[in-house]
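One structure below.
Just so it is clear, the structure is predicted and the values come from calculations on it, not from any experiment.
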Amino acid sequence: MKRKFSTIIRNILLLLFALPLLISCDSSYDRSKTRRAEIARSGKTDVVIAVVWPDLSPPLLFREGVDLAVDKINKNGGILGRKLRARYFKGTDVPNGHFDAEALAKDEEIVAVIGHHHSDATLSAMITYEYNGILLVIASASHPLLLEQGFEYVYRSVPNDNVYGDALARYAYRTGYRKIAIVDNSTLYGNGLADIFHQKATELGIQIVIHRGYLPWQSDYRPLIAEIRKLDFDAVFMAAVLPQAATFLQQLRQMHVKAPVISGDALNSRELISLAGDAANGTVFPTIVPPHLSNTDYLDFETSFNKRFNQAPDQYAILGYDIVNLLKYAMTANKSTVPFVLASTLRHIEDWQGILGDYAFNDDGELAEREVYFIRVHDGQFVYTGE
């Protein structure tokens with residue numbers, strides 16, 4: 001029942017889309033990379049990083065976390081005696097959108113990019129960064145394909161969907177679910193996570209009774225739900241993003257499907273509750289934020305964040321704060337802001353301690369290890385499951 005070859009075909013099309021960028025990697029890219037390194041090496045400018053993040057409502061607080069880290073670093077003397085400056089770019093707020101990375105790369109003072117929310121837009125953008133000699137630290141986009149290209153300048157600060165898919169399948173098995181219906185949103189992220197979950201769940205002996213997708217721009221999911229509700233299943237696995245995922249949940253409950261819903265990390269947002277209302281109750285998703293986080297660095301960060309923004313930080317705020325401080329460490333460790341030096345430093349970093357835990361990277365740029373926890377929506381609140 002699973003849609004055959006969907007992910008393979010999609011990945012081939014995405015790589016074909018990126019092929020012109022690879023072919024056009026001529027002397028103009030070499031000049032950009034060389035000039036960028038020279039400016040960074042001169043030490044005559046501010047240390048400039050680019051932050052690419054979408055405007056969402058309610059927002060994910062990544063930029064706020066970045067702001068707090070940048071301000072704290074500058075108050076303590078900057079980096080190597082230079083001011084740290086963040087330039088903000090509006091990333092695409094839809095999964096299949098496009099971001100103009102070429103425009104960003106024209107600023108030759110930019111040594112690193114942090115952010116990017118959606119895997120689809122990240123794939124083409126990261127090729128531009130690589131050939132312009134700009135370090136990229138991915139903060140959200142989680143499709144494994146992104147780091148399978150062997151790039152030198154690309155790192156990911158969160159687990160990829162192989163990790164999340166495996167953890168979610170094991171959670172489903174431990175919880176006693178033996179028959180699961182899978183739905184995804186037909187994007188690079190949705191296809192990828194759903195297929196990984198499908199494979200891992202099947203290996204554990206879970207029966208996938210149906211695997212269907214909807215188009216990213218759809219808003220009426222009732223025909224799909226009508227097909228699903230005829231079947232016998234213990235839970236629904238949904239690989240999707242907000243706000244469409246919230247609408248799907250509402251229509252699922254309106255059609256009297258009471259089975260619990262398991263989803264990916266893309267639902268880790270207060271937007272889920274504000275958009276889906278009571279229909280969000282019972283939904284489970286993964287997080288990398290440990291329960292009862294109480295280390296001194298976090299408590300100092302939380303106090304500062306609440307004071308400045310008058311709200312509690314979310315996972316993305318902590319990530320933004322951690323990534324900026326990780327870059328600071330990489331810059332000061334070898335007394336250089338040259339992107340290639342930064343990339344080499346990150347590749348050989350050994351357990352740098354951030355608020356969320358240790359940061360170390362595999363040879364392919366993937367985060368070496370991060371424990372995954374689970375949150376359930378209960379009475380409109382996020383509650384750790386204890387799994």
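Side-chain N/O atoms of N334 and S336 include no donor and acceptor closer than 3.5 Å. Donor-acceptor pairing under 3.5 Å is lacking for the side chains of Y189 and H117. Side-chain contact check for R347 and Y155: at least one donor-acceptor pair (N or O, by modelled atom type) lies under 3.5 Å. Between the side chains of D184 and H211, a donor-acceptor pair is found at a separation under 3.5 Å.
V209 places none of its side-chain heavy atoms less than 4.5 Å from the side chain of I180. The shortest side-chain heavy-atom distance between F340 and L135 does not fall under the 4.5 Å cut-off. With contacts defined as side-chain heavy-atom distances shorter than 4.5 Å, the pair I208/T202 qualifies. No side-chain heavy atom of H378 sits under 4.5 Å from any side-chain heavy atom of N281. No side-chain heavy atom of L84 sits less than 4.5 Å from a side-chain heavy atom of D46. Counting heavy atoms from C-beta on, the side chains of Q199 and I196 never come closer than 4.5 Å.
Look at R270 and D314 and you find no salt bridge, because none of the NZ, NE, NH1 or NH2 atoms lies under 4.0 Å from a carboxylate O. With salt bridges taken as basic N to acidic carboxylate O contacts below 4.0 Å, none links R308 and E64. Between R178 and D234 there is no salt bridge, since no side-chain nitrogen of the basic residue lies less than 4.0 Å from a carboxylate oxygen of the acidic one. Salt bridge R36/E108: absent, no basic N to carboxylate O contact under 4.0 Å. Salt bridge annotation for D55-R63: present, with a cationic side-chain nitrogen under 4.0 angstrom from a carboxylate oxygen.
In Q311, the CD atom is crowded: over 12 heavy atoms of neighbouring residues, nucleotides or ligands sit closer than 6.0 Å. Summarising the local packing, CG of D220 is surrounded by more than 12 heavy atoms from other residues, nucleotides or ligands at distances under 6.0 Å. The environment of F309 atom CZ is dense: over 12 non-hydrogen atoms of other residues, nucleotides or ligands sit within 6.0 angstrom. Within a 6.0 Å sphere centred on CG of D351, other residues, nucleotides and ligands contribute more than 12 heavy atoms.
Looking only at distances, no side-chain donor or acceptor of T128 sits under 3.5 Å from a matching main-chain atom of A101. S119 contributes a side-chain N or O that, together with a main-chain N or O of H143, makes up a donor-acceptor pair within less than 3.5 Å. Here the side chain of R212 pairs no donor or acceptor atom with the backbone of I228 at under 3.5 angstrom. In terms of modelled atom types and a separation under 3.5 Å, the side chain of T287 and the main chain of F374 share no donor-acceptor contact. Checking side-chain atoms of D364 against main-chain N and O of E366 turns up a donor-acceptor pair under 3.5 Å. With hydrogens and angles disregarded, no donor-acceptor distance shorter than 3.5 Å links the side chain of D166 to the backbone of N162. In this structure, D322 contributes its side chain and I355 its backbone to a donor-acceptor pair below 3.5 Å.
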Does the pair V261 and F248 meet the rule for a side-chain contact (heavy atoms from CB on, under 4.5 Å), with working shown? CA-CA 11 Å; V261 175; F248 183 90; over 6 Å; no

Set out, in order, the CA-CA distance, both residues' side-chain angles and the distance that settles salt bridge (charged side-chain N to carboxylate O under 4.0 Å, His left out) for R85 and E109, then state yes or no. CA-CA 10 Å; R85 181 158 54 92; E109 291 185 354; 3.2 Å; yes

Could you walk me through whether K72 and Y321 pass side-chain contact (heavy atoms from CB on, under 4.5 Å), step by step? CA-CA 10 Å; K72 183 176 180 180; Y321 188 84; 3.3 Å; yes

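Nearest heavy-atom pair across G190 and A239 is O-CB, 3.5 Å. The shortest heavy-atom contact between V257 and R253 is O-NH1, 2.6 Å. Nearest heavy-atom pair across P339 and A40 is CD-CB, 4.4 Å. Shortest non-hydrogen contact noted between L242 and S269 is CD1-CB, 4.1 Å. When all heavy atoms of S140 and V158 are compared, the pair lying nearest together is O-CG2, 4.1 Å. When all heavy atoms of L275 and A246 are compared, the pair lying nearest together is CB-CB, 3.6 Å.
Between F285 and F382, the distance separating the two ring centers is shorter than 6.0 angstrom. Remark: aromatic rings of H116 and Y129 are close, center separation under 6.0 Å.
Separation of atoms CG (D358) and CG (L367) is listed at 9.5 Å; rounding is to 0.5 Å. Atom OG1 in T283 sits 10.0 Å away from atom CZ in R376 (nearest 0.5 Å). The OG atom of S263 sits 10.5 Å away from atom CZ of F197, with the distance rounded to the nearest 0.5 Å. Atom NZ of K90 is separated from atom CG of D100 by 14.0 Å, given to the nearest 0.5 angstrom. To the nearest 0.5 angstrom, T247 atom OG1 is 9.5 Å from Q254 atom CD. Atoms OH and CH2, from Y359 and W352 in turn, are 6.5 Å apart once rounded to the nearest 0.5 Å.
When each of T122, N160, D161 is tested with S142 by the rule side chain to side chain donor-acceptor pair (under 3.5 Å), just one qualifies, namely D161. The ring-ring contact (aromatic ring centres under 6.0 Å, His included) with W53 is formed by just one residue from the set Y316, F99, F89, Y88; it is Y316. For the side-chain contact (heavy atoms from CB on, under 4.5 Å) with I49, the lone residue among I114, I134, I110, T337 that qualifies is I114.
Between Y29 and Y131, the ring-plane angle classifies as tilted under the 30° and 60° cut-offs.
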